[in-house]
Amino acid sequence: MTATALTFRPDSLMADHVSSRARDLKQAAPAAANALTSMELLARAKDGDELALNDLCARYLPRLQRWAHGRLPAYARGALDTHDIVQVTLAKAVRGLHSFEPRHSGSFQGFLHTTLRNCICDQVRSARRRPTVMLDTDRAADDPTPFELAVGEETADRYEKALARLKPADREAIVARIELGLPYAEVAASLGKPSIAAAHVAVSRALVKLAKEMSSGRRS
């Protein structure tokens with residue numbers, strides 16, 4: 001699949017979150033489309049089915065909007081808002097779909113987590129490199145995000161480096177629970193865990209590994 005397969009539009013995705021398949025086919029068709037699992041839609045999308053691709057994007061659009069809300073610091077927004085970040089995330093996810101290999105039913109959700117986080121980080125890095133003249137009315141733009149408050153602004157760089165050294169499954173667990181604040185039920189689905197308790201254990205173990213990596217980074 002190439003980037004040219006990206007056919008969804010913001011307005012088509014936003015209109016009551018109804019996919020193109022539901023609009024274009026007869027009344028019985030939406031039920032058939034909705035009956036497809038995300039894994040089935042993903043397999044069809046990877047094979048070049050553009051209707052399946054649009055259905056898949058429409059299915060995850062509300063979740064992406066919820067995950068992205070409030071994650072972008074005010075100083076990094078510029079002309080972008082949550083809607084824009086979500087659209088960029090979907091576009092990048094679609095472009096990378098050909099190389100994505102799902103390991104379990106929650107893999108695509110985890111893939112979107114990672115893509116969203118990368119888009120936010122890219123925007124933040126770009127904003128930090130961009131010189132700005134701050135007006136008095138813009139002082140609130142320097143306020144830390146909820147995530148920065150949680151980890152401490154002075155540890156952000158050490159956190160990012162330590163996170164990058166973790167195994168993908170541990171990194172995904174931390175991003176899903178700590179950065180995106182997902183409930184453990186969604187974390188379990190994303191990680192392919194059989195229960196909420198198993199997701200708790202995975203996140204706890206990942207946090208222990210992260211703490212060790214951050215401690216090691218402080219000494220080096």
Over all atoms of both residues, closest heavy-atom pair of E213 and A162: CB-CB, 3.6 Å
R171 (side chain) donor-acceptor with L166 (main chain) under 3.5 angstrom: yes
From C57 atom SG to E50 atom CD, the distance as rounded to the nearest 0.5 Å: 11.0 Å
Full working for side-chain contact (heavy atoms from CB on, under 4.5 Å) between D55 and L36: CA-CA 10 Å; D55 278 328; L36 294 175; 6.0 Å; no
Verdict with reasoning, L207 to I178, per side-chain contact (heavy atoms from CB on, under 4.5 Å): CA-CA 9 Å; L207 287 172; I178 305 304; 3.9 Å; yes
Taking every non-hydrogen atom, the tightest pair across A52 and A45: CB-N, 4.0 Å
Cluster overlap L41 with F100, hydrophobic side-chain contacts below 4.5 Å: yes
E40 side-chain N/O to T37 backbone N/O, donor-acceptor pair under 3.5 Å: yes
Atom pair NZ/CE of K161 and M214 - distance to nearest 0.5 Å: 11.5 Å
Flag, side chain of H113 to backbone of E172, donor-acceptor distance under 3.5 Å: no
Verify same cluster id: F108, V88 (apolar side-chain graph, 4.5 Å): no
Main-chain N/O of A211 paired with S215 side-chain donor or acceptor, under 3.5 Å: no
Q109 side chain to E186 backbone, donor-acceptor under 3.5 Å: yes
Side chain T115, main chain F111, donor-acceptor under 3.5 Å: yes
side-chain hydrogen bond (donor to acceptor under 3.5 Å, both in side chains) evaluation trace for Q65 with Y60: CA-CA 9 Å; Q65 291 172 325; Y60 281 91; over 6 Å; no
Contact summary for A202 and A173, nearest pair of heavy atoms: O-CB, 4.4 Å
L53 backbone acceptor or donor facing R44 side chain under 3.5 Å: no
I174 and L210: CA distance, side-chain angles, deciding distance, side-chain contact (heavy atoms from CB on, under 4.5 Å) verdict: CA-CA 9 Å; I174 291 172; L210 177 68; 3.8 Å; yes
Between CD on residue E179 and CG on residue L163, distance to nearest 0.5 Å: 6.5 Å
From Q123 atom CD to D84 atom CG, the distance as rounded to the nearest 0.5 Å: 9.0 Å
Residue pair R63, R66: steps toward the side-chain contact (heavy atoms from CB on, under 4.5 Å) verdict: CA-CA 5 Å; R63 303 182 205 184; R66 187 173 70 251; 4.1 Å; yes
Salt bridge R117-E160, side-chain N to carboxylate O under 4.0 Å: yes
H69 NE2: over 12 foreign heavy atoms closer than 6.0 Å: no
Nearest non-hydrogen partners of A68 and V86, listed with the distance: CB-CG2, 3.9 Å
Sidechain-backbone polar pair: S107 side chain, R103 backbone, donor-acceptor under 3.5 Å: yes
Between CG on residue L56 and CG on residue D49, distance to nearest 0.5 Å: 10.5 Å
Side-chain donor/acceptor of K46 to backbone N/O of L97, under 3.5 Å: yes
Heavy-atom pair of closest approach, residues L182 and R177: O-NH1, 2.7 Å
Gap between atom CG of L180 and atom CH2 of W67 - 0.5 Å precision: 7.5 Å
